[in-house]
Visitor: 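Would you mind keeping the following structure in view while I ask a few things?
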Amino acid sequence: MAKKNKSEMSFLEHLEELRWLLVRSTIAILIASTAVYFVSDYIFETIIFGPTHPNFYTYRFFCEASHYIGFADSICIEELPFTIQNTSMEGQVNVFVWTCITAGFILAFPFILWELWKFISPALYEHERKNAKLFIFIASFLFFLGVLFGYFVVVPMSVNFVATFSVSDVVKNEFNLESYIGMIKTSVIASGLYFELPIIIYFLTKLGLVSAKFLRTYRKYAIVIVLIIAAIVTPPDVVSQVTVAIPMLIIYEASIVLSAFVAKKDRQNEQLS
């Protein structure tokens with residue numbers, strides 16, 4: 001019996017395809033998580049706890065930048081006055097497992113994108129389906145770029161802010177291990193997914209749910225939200241806030257340009273068909 005074309009599949013058959021997409025993606029994440037297990041010492045010692053040391057790359061960069069622009073040592077970090085502690089019996093085990101799974105998700109992201117592309121490709125034009133490799137490359141690049149932005153910019157600035165903020169000298173900062181790891185996972189994954197905004201806008205524009213006009217109309221609200229986020233995750237200085245806000249605003253503006261381009265191409269295709 002010949003296999004059905006996906007465009008002719010019923011709703012339940014599409015659900016079955018979606019189920020297998022989730023199954024294969026989960027297997028890929030578990031395989032990647034297993035690989036992460038074998039380098040877990042490096043993951044924790046160098047990557048996870050790297051931002052807790054004053055000589056972390058980002059801190060050194062901002063210190064050197066402050067000297068270059070004439071701010072002296074105003075942004076230099078000599079000490080991060082806090083300790084990380086585990087307060088539950090299963091705390092370190094849970095952190096270890098979920099850190100491996102999170103890292104596995106990041107590594108398996110290109111495969112997940114490939115599975116997602118196969119699921120949605122029947123709704124696209126023939127010439128668009130031929131761009132699968134380009135889609136996977138660009139979407140993966142943006143995600144990994146966002147992950148790096150989250151790790152090297154958002155995380156160290158957040159750590160520096162909460163470590164140096166104090167309501168009184170009586171209070172000592174002793175952060176819970178799960179809280180610290182949770183902050184890193186949230187910052188990294190959220191940044192990676194935010195950098196996927198142009199890809200999301202592309203498909204929403206194809207579906208007619210979003211337009212460049214809509215994005216321009218709500219640009220002022222987006223700017224306010226981005227500035228609020230930058231103010232929350234960074235120390236109270238202009239340099240840090242601008243460093244976080246500018247890339248996020250560039251991503252939003254790129255999404256507007258992409259939406260306008262997609263809409264224009266769709267109109268041209270409709271006129272030719």
Visitor: Mind checking whether I48 and V95 have side chains closer than 4.5 Å, heavy atoms only?
Guide: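 No, side chains not in contact.
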
Visitor: Consider only side-chain heavy atoms of I, L, V, M, F, W and Y, link residues closer than 4.5 Å, and tell whether V257 and L209 are in one cluster.
Guide: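 Not linked; separate clusters.
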
Visitor: Do W114 and L18 share a hydrophobic cluster, counting only Ile, Leu, Val, Met, Phe, Trp and Tyr and linking them when any side-chain heavy atoms are less than 4.5 Å apart?
Guide: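 In one cluster with W114: L18, yes.
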
Visitor: Identify the heavy atoms of V154 and S191 that sit nearest to each other, and give their distance.
Guide: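 That closest heavy-atom pairing would be CG2-OG, 4.0 Å.
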
Visitor: Is atom OH of Y37 surrounded by more than 12 heavy atoms (other residues, nucleotides or ligands) closer than 6.0 Å?
Guide: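 Count not over threshold, so no.
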
Visitor: Kindly determine whether Y221 and T217 satisfy side chain to side chain contact (heavy atoms under 4.5 Å, CB included), including the steps that lead there.
Guide: CA-CA 9 Å; Y221 301 108; T217 300; over 6 Å; no

Visitor: Do Y180 and F175 make the cut of ring centroids closer than 6.0 angstrom?
Guide: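 So the answer is no for these two rings.
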
Visitor: Would you confirm whether T58, through its side chain, and V153, through its main-chain N or O, come within 3.5 Å as a donor-acceptor pair?
Guide: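 Absent.
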
Visitor: One pair to check against side chain to side chain contact (heavy atoms under 4.5 Å, CB included): L148 and F195. What are the steps and the verdict?
Guide: CA-CA 11 Å; L148 292 175; F195 272 59; over 6 Å; no

Visitor: Do I201 and F261 belong to the same hydrophobic cluster, where Ile, Leu, Val, Met, Phe, Trp and Tyr are linked whenever their side-chain heavy atoms lie under 4.5 Å apart, directly or via other members?
Guide: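 I201 does not cluster with F261.
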
Visitor: Hey, does L258 have a side-chain heavy atom less than 4.5 Å from the side chain of T205?
Guide: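 They are not in side-chain contact.
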
Visitor: Out of curiosity, I189 CD1 to K185 NZ, how far, rounded to the nearest 0.5 Å?
Guide: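 Rounded to the nearest 0.5 Å, the CD1-NZ separation comes out at 9.0 Å.
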
Visitor: Can you tell me how far CD1 of I199 sits from CD1 of I138, rounded to the nearest 0.5 angstrom?
Guide: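 The CD1 atom of I199 is 6.0 Å from CD1 of I138, to the nearest 0.5 Å.
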
Visitor: Quick one: CD1 on I101 to CZ on F96, what's the gap to the nearest 0.5 Å?
Guide: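 Rounded to the nearest 0.5 Å, the CD1-CZ separation comes to 10.5 Å.
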
Visitor: Are more than 12 heavy atoms, taken from residues, nucleotides or ligands other than Q92, located less than 6.0 Å from that residue's CD atom?
Guide: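 Atom CD in Q92 is not crowded, with 12 or fewer foreign heavy atoms closer than 6.0 Å.
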
Visitor: State, with a plain yes or no, whether a side-chain heavy atom of I181 is found less than 4.5 Å away from one of W98.
Guide: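 Not touching, per the 4.5 Å side-chain cut-off.
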
Visitor: Can you give me the closest heavy-atom contact between K172 and D169, atom names plus distance?
Guide: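 Here K172 and D169 meet closest at NZ-O, 3.5 Å.
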
Visitor: Show your reasoning for whether side chain to side chain contact (heavy atoms under 4.5 Å, CB included) applies to F82 and T164.
Guide: CA-CA 8 Å; F82 70 92; T164 55; over 6 Å; no

Visitor: Look only at the side chain of S211 and the backbone of F214, and say whether a donor-acceptor pair between them is shorter than 3.5 Å.
Guide: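 Side chain of S211 to backbone of F214, a donor-acceptor pair under 3.5 Å: yes, one is there.
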
Visitor: Hey, any chance F111 and W20 share a hydrophobic cluster, counting ILVMFWY side chains that come within less than 4.5 Å of each other, even indirectly?
Guide: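 Each belongs to a different hydrophobic cluster.
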
Visitor: Give the minimum heavy-atom separation between F109 and A139, together with the two atoms involved.
Guide: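 What the structure gives for the nearest pair is CE2-O, 4.3 Å.
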
Visitor: Give a yes or no on whether the backbone of G146 and the side-chain of Y194 come within a donor-acceptor separation of less than 3.5 Å.
Guide: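 No; zero donor-acceptor contacts below 3.5 Å.
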
Visitor: Under 4.5 Å between side-chain heavy atoms, hopping through other hydrophobics if needed: is there a path connecting I29 to V97?
Guide: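 Looking at the clustering, V97 is in the same group as I29.
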
Visitor: Roughly how far, to the nearest 0.5 Å, is OG1 of T46 from OH of Y42?
Guide: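 These two atoms lie 5.0 Å from each other.
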
Visitor: Closer than 3.5 angstrom, by distance alone: can the side chain of Y202 be matched with the main-chain N or O of V262 as a donor-acceptor pair?
Guide: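 Flag not set: sc Y202 to bb V262 has no pair under 3.5 Å.
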
Visitor: Determine yes or no for a side-chain-to-main-chain donor-acceptor pair under 3.5 angstrom, with E115 supplying the side chain and L21 the backbone.
Guide: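 Not at all, since once roles are kept as given, no pair shorter than 3.5 Å links the two residues.
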
Visitor: Under the criterion side chain to side chain contact (heavy atoms under 4.5 Å, CB included), which of V224, V226, I225 is the partner of I228?
Guide: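 With I228 as partner, V224, V226, I225 yield a single side chain to side chain contact (heavy atoms under 4.5 Å, CB included), made by V224.
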
Visitor: Between Y151, F61, F49, which is the residue that forms a ring pair (Phe, Tyr, Trp, His ring centres under 6.0 Å) with F56?
Guide: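 That would be Y151.
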
Visitor: Under the ring-ring contact (aromatic ring centres under 6.0 Å, His included) rule, what do F135 and F203 come out as? Steps first, then yes or no, please.
Guide: CA-CA 11 Å; F135 165 78; F203 286 107; 5.6 Å; yes

Visitor: Once you round to the nearest 0.5 Å, how far does CG of N55 lie from OH of Y57?
Guide: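 With rounding to 0.5 Å, CG (N55) is 9.0 Å from OH (Y57).
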
Visitor: Would you give the length of the straight line joining atom OG of S255 to atom CD1 of I200, rounded to the nearest 0.5 angstrom?
Guide: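 With rounding to 0.5 Å, OG (S255) is 8.5 Å from CD1 (I200).
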
